[in-house]
Asker: 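Have a look at this one.
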Amino acid sequence: MTQWKHKHLLGLQDLTAEDIELVLDTARSFKEVSSRDIKKVPALRGKTVVMLFFEPSTRTRISFELAAKRLSADTLNIAVSVSSTTKGETLLDTARNIEAMNVDLMVVRHGTSGSPFILAQGLKCSVVNAGDGCREHPTQALLDLFTLKEKFGRIKGLRVGIVGDILHSRVARSNIWGLTKLGAKVTVCGPATLMPRGIEAMGVEVCYDIRKLIKNSDALITLRLQKERQQDKFLPSLREYGRLFGINREKLAEGSSDLIVMHPGPTNRGVELSAEVADGKQSVILDQVTNGVAVRMAVLYLVLGTKPGTEG
Amino acid sequence: MSAAQIMDQDAIRRAVLRMAHEILEKGGSKDLAIIGIRTRGVVLAERLRKAIKDIEGKDVPSGILDITLYRDDLTMVGAKPVVRETLIDFDITDKRIVLVDDVFFTGRTIRAALDALVDFGRPALIQLAVLVDRGHRELPIRADFVGKNIPTAKSQNVRVFLGESDGKSDHVDVEGS
């Protein structure tokens, strides 16, 4: 089996298929830990993990925090509202000051694409990207891959549709890197205004007909429609988006009964998914949340295990 | 590196059978469970379970323990060892657990295994069965059932080969001087 050689996890674009498989295999072992009565192992005892979140997040932050705690690491939460960046300090200075307190790893979420790269270059500790702007959200994609592998037993050859705001979605980008590297056939679907030009260069097909996509997919990854990004009039209305690209029971019935529906959350019910689909038997949204902890445990374990300077 | 064979297939078979008898003599099969430490401990645990079934006619529960996450040298190694699943699908509380490993050396693997086991419940008793005890303990831990005691120098390596895990015929080698 391959060895993990990366000091940081900044995105799936930088990883090989073997790296991704190693994370997924390691996560399978960590899922067992979370099912025990005592959900804790001493693997990262003495390590300090800092959650540096410059954007609102509940699910990802809690998932990382639980993952770190289940590995016996100490955790520290720093929210933007209380951080010195509000007083004009730069991101790197804030991070360097935190690092000076001898922390081992920073989990960073930032609204600006590339900010985890700046931190990784300027810090001695490890950096894990928990979502940067419109660029990547690697652990979300890894948990999606893990969930797909758990449900289908494989990734290679799976037909996966990604639906929604592809243009602004870091989840979509990370998933495209991960899925294509592992041999899945990816089709992206959404309004033409939210479809990046030249997206085919990433190895995906483009489809604008959700019914056709449903008929030809094994799994659908529906994306959260980021209402905060829709003020630039990419869409006539949320209602129209829901009508054209939202998934309801009637549209879902046109696909295979084995088709699974995924969503990174939080879900806008009635927009991306109807309530009956979100809560239906084809939805694996809560499995994704459960798997997120196992995948993040695997990432923290692997990233914290390598010596500095072994970035591959 | 020169290697001397210390046990062959027959010697390993006899050692496992003798340990199975000793396990039964020292407490019978009531509430007994066998847990193997990955990787070769699992193979030996399965052989012990089968031997106990042949002798006693009773199937005792068995499990697999991966101790990677309990190692005390994780921060000292460059690249992390691969974590594999622990599979214990029965309640170990109040059971007599026989922990099985291939080579008993410093005792650190067994310490990690004991830590891991108590996270699953509170056994009535934990006993240790090893195919080879080569000495050089760094912790105050002893084995209850030993296939063969092999006095070694610390610089030597003891390597156990088992058909199920190594794809070779069973044997034990001591390498180095």
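To find a chain, count down the sequence lines: A is the first, B the second, and so on, and within it residues start at 1.
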Asker: Should the heavy atoms of other residues, nucleotides or ligands under 6.0 Å from CZ of A:R159 be counted, would the total exceed 12?
Answerer: yes
Asker: Determine the option with the most heavy-atom pairs under 4.5 angstrom with chain B, choosing from A:R36, A:K40, A:K39.
Answerer: A:R36
Asker: Given A:E32, which partner from the list B:V83, B:T86, B:D66, B:L87 fulfils the side chain to side chain contact (heavy atoms under 4.5 Å, CB included) test?
Answerer: B:T86
Asker: Roughly how far, to the nearest 0.5 Å, is the CZ atom of A:F30 from the CG atom of B:L69?
Answerer: 4.5 Å
Asker: Is the number of heavy atoms from other residues, nucleotides or ligands within 6.0 Å of CZ (B:R122) greater than 12?
Answerer: no
Asker: Non-hydrogen atoms of chain B under 4.5 Å away: do they reach the side chain of A:K31, the backbone, both or neither?
Answerer: neither
Asker: Does atom CG (B:D54) have a neighbourhood of more than 12 heavy atoms from anything else shown, all under 6.0 Å?
Answerer: yes
